[in-house]
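A short worksheet on the structure shown next.
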Amino acid sequence: MKLNIKSGDLVEVISGKEKGKRGKVTRAFPKENRVLVQGVNIITRATRPTQKDTQGGLKKYEAPILANKVMVVCPKCDKPTRIGHKVLDDGTKVRVCARCGEVLD
Ligand SMILES: [Zn+2]
């Protein structure tokens, strides 16, 4: 499966307990079919003190979320949308909103 989401995209969570949350993709992991989204899927992990971090304790960080659980938000529709593809006159492939045709790249 090809990942249609790139870092910098605004996405909305479409399933799971964080449904409706929006955030910017900070990293994409095409191989794992996952994306890291700002403010989404924050997990708390207890860490032991290390030499680098002498305090340890509870650390909060974003964990990558399955790409199937998010959809790119089209800035024109302001709604999560399926991604379409279009080839421009100069041969460049771009992603477009399947709803309104807006170029998303
Ligand atoms: Zn659109």
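Every number for a ligand or one of its atoms is a count from 1 in the order of the listing.
The side-chain contact (heavy atoms from CB on, under 4.5 Å) check on D78 picks up R22, V73, with sequence neighbours excluded. Contacts of D53 classified as side-chain hydrogen bond (donor to acceptor under 3.5 Å, both in side chains), with partners at least two apart in sequence or in another chain: K59. Residues forming a salt bridge (Lys or Arg N to Asp or Glu O under 4.0 Å) with E62 (at least two apart in sequence, or on another chain): none.
Protein nitrogen, oxygen and sulfur atoms, that is N, O or S, within less than 2.8 Å of the Zn ion (ligand 1) amount to 4.
In this structure a side-chain-to-backbone donor-acceptor pair under 3.5 Å is present from N41 to A63. Of the possible donor and acceptor atoms, one in the side chain of T47 sits under 3.5 Å from a partner among the backbone N and O of G57.
Between V70 and I14, every side-chain heavy-atom pair lies at or beyond the 4.5 Å cut-off.
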